[in-house]
**Student:** 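If you scroll down you'll find the structure; I have some questions about it.
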Amino acid sequence: MTNYAYTVVIERDEDGVFITHCPALPGCSSYGMTREEAMENIREAMMLTIEVLRERGEQVPPEDVQTETVAIAV
């Protein structure tokens, strides 16, 4: 078993739904009515994405996302 660690982006839409996606795994996204549900769902989506990549013999992408908080005053 290989352990992976990826950055997950969490946003809230206009209806209050938590939308998640993993930039390092293209097309890997999910959602939930609560933050906890959204995180549980994205973990499952990430595991399934990695399983499919492995089954196809494709390379599992490394984490290549860098994040930084930018403070601005307007």
Side-chain angles (χ1 to χ4, degrees):
M1 181 177 285
T2 304
N3 292 317
Y4 297 95
Y6 291 106
T7 298
V8 171
V9 177
I10 307 165
E11 300 176 288
R12 208 160 184 188
D13 72 7
E14 61 277 355
D15 296 323
V17 176
F18 290 88
I19 308 297
T20 56
H21 72 275
C22 179
L25 299 171
C28 187
S29 62
S30 194
Y31 67 94
M33 297 309 294
T34 65
R35 183 183 174 97
E36 294 77 21
E37 180 185 21
M39 289 305 297
E40 181 179 322
N41 292 342
I42 193 64
R43 280 186 190 93
E44 183 177 348
M46 291 166 69
M47 288 190 308
L48 292 171
T49 298
I50 290 169
E51 285 178 14
V52 167
L53 290 171
R54 287 176 157 182
E55 287 172 3
R56 292 179 179 172
E58 297 179 26
Q59 174 107 12
V60 176
E63 167 69 275
D64 62 354
V65 176
Q66 297 181 12
T67 63
E68 187 168 332
T69 300
V70 178
I72 60 170
V74 180

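Owing to the predicted nature of the structure, the values given are computational and were not obtained by experimental measurement. Residue numbers run from 1 in the order of the sequence given.
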**Student:** Search all heavy atoms of G32 against all heavy atoms of A38 and return the closest pair with its distance.
**Tutor:** N-CB, 3.7 Å

**Student:** By side-chain hydrogen bond (donor to acceptor under 3.5 Å, both in side chains), which residues pair with E63, not counting sequence neighbours?
**Tutor:** T7

**Student:** Count I, L, V, M, F, W, Y as connected when their side-chain heavy atoms are under 4.5 Å apart, and connections chain through other members. Are V60 and I42 then in the same cluster?
**Tutor:** yes

**Student:** Using a 3.5 Å cut-off and no angle test, enumerate the donor-acceptor pairs between side-chain atoms of residues 65-74 and protein atoms at least two apart in sequence or in another chain.
**Tutor:**
none

**Student:** To the nearest 0.5 Å, tell me how far L53 CG sits from C28 SG.
**Tutor:**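 So the CG of L53 and the SG of C28 are separated by 9.5 Å.
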
**Student:** Can you sort out the partners of E55 under side-chain contact (heavy atoms from CB on, under 4.5 Å), two or more places apart, ordered by chain and number?
**Tutor:** none

**Student:** Starting at CG of L25, measure out to CG of L48 and round the result to the nearest 0.5 Å.
**Tutor:** 11.5 Å

**Student:** With sequence neighbours left out, which residue pairs that include part of residues 35-54 fulfil the side-chain hydrogen bond (donor to acceptor under 3.5 Å, both in side chains) condition?
**Tutor:**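 Of all non-adjacent pairs touching residues 35-54, those that pass side-chain hydrogen bond (donor to acceptor under 3.5 Å, both in side chains) are T2-R54, Y4-R54.
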
**Student:** Show me the side-chain donor-acceptor pairs of residues 10-21 shorter than 3.5 Å, one per line, residues at least two apart or across chains.
**Tutor:**
residue: R12; atom: NE; partner: G16; partner atom: O; Å: 3.1
residue: D13; atom: OD1; partner: D15; partner atom: N; Å: 2.9
residue: D13; atom: OD1; partner: G16; partner atom: N; Å: 3.1
residue: D13; atom: OD1; partner: V17; partner atom: N; Å: 2.9
residue: T20; atom: OG1; partner: S30; partner atom: O; Å: 3.3

**Student:** Linking Ile, Leu, Val, Met, Phe, Trp and Tyr through side-chain heavy atoms less than 4.5 Å apart, which residues share a cluster with V52?
**Tutor:**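 Via sub-4.5 Å side-chain contacts, V52 links to none.
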
**Student:** Of the non-hydrogen atoms in S29 and A45, which two are nearest, and what is the gap between them?
**Tutor:**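 In this case the closest contact between S29 and A45 is O-CB, 4.1 Å.
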
**Student:** Would you say that more than 12 heavy atoms from the other residues, nucleotides or ligands in this model lie under 6.0 Å from the CD of Q59, or not?
**Tutor:**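 Not buried by this count: 12 neighbours or fewer within 6.0 Å.
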
**Student:** So with a 6.0 Å cut-off around OH of Y31, is the heavy-atom count from everything else above 12?
**Tutor:** no

